[in-house]
Amino acid sequence: MIYIKSRRELDKMRRAGEVVALVHHKMAEIIRPGITTIELDRIAEEIIRNKGAIPSFKGYPCAYGGLDFPGSICTSVNDVVIHGIPGDYALKEGDIISIDVGAILDGYHGDAARTYAVGEVSKEAKDLIYHTEEAFNRGMAQAVEGNRISDISKAIQEYAESKGYKVVRDYVGHGIGTEMHEEPQIPNYVTREKGVRLSSGMTLAIEPMINIGTWKVRVLDDKWTVVTNDGKLSAHHENTLAVTPNGPEILTRLY
Ligand code: MG
């Protein structure tokens, strides 16, 4: 069940969130053609551990019976939606890469994803990245006291589909706190469930995954990498946030 965090817990989540934001700050700086995804992983892990935090994803058990997740971050290139495993792939001009970062500090998690352009990318790719972030923003704007989870879902789906995109169904946002994945689930599309009513002190990871083509996805033989069924591009934007009396507050940012 989703629970209300105390002021003290929210402070801890801000500090965990800042570690995640620091990693993204660095990723934005170093992503370029030629860098491999394992190098990005190594640099991310170093930042997380230097701050006294632990990468939440490393060793995460596989939902499909595969090996525990080997990386500290997920590196999802082009048609990879989420859960791309860092490896020897060297980024190429025109790629897009979604980086998902989770860190646990002092018992609390931060979780955030961004999609980055590698060098010059197509207008199609640029637009997808922009509108995925905007879909996140529309969802976040609904994370206010008194609303329900479904208000977030509806805002994301309506925005994404109004731009001609499709919303991934198989993976969703989530509550977050002492566990990386807590109740409730936060779908990026409307379901029959209205979901819980939001109140101050709830902490959520809102994370639209938006596809240019079909919403359908499949998991590769490594039992982690999720790709679009049609091979078209996918983008991901996520932040951990708190519902407050003054509206949503992003926790995965630099303070
Ligand atoms: Mg997440």
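Every number for a ligand or one of its atoms is a count from 1 in the order of the listing. Keep in mind the model is a prediction, meaning the values are calculated, not measured.
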Just the protein N/O/S atoms under 2.8 Å from the Mg ion (ligand 1), please, no waters.
-> Asp111 OD2, His174 NE2, Glu207 OE2, Glu238 OE2
Taking atom types as modelled, is there a side-chain donor on Asn239 or Thr252 under 3.5 Å from an acceptor on the other?
->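 A pair is found: one side chain offers a donor N or O, the other an acceptor, under 3.5 Å apart.
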Just by distance, with hydrogens left out, do Glu134 and His237 show a side-chain donor and acceptor under 3.5 Å apart?
->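 Judged by distance alone, the side chains do not pair up.
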Does [atom1] belonging to [X] count more than 12 external heavy atoms closer than 6.0 Å?
X: Glu39; atom1: CD; value: yes
X: Glu193; atom1: CD; value: no
X: Leu67; atom1: CG; value: no

Do you know which two heavy atoms are closest between Ile35 and Ile31, and how far apart they sit?
-> CG2-CA, 4.4 Å
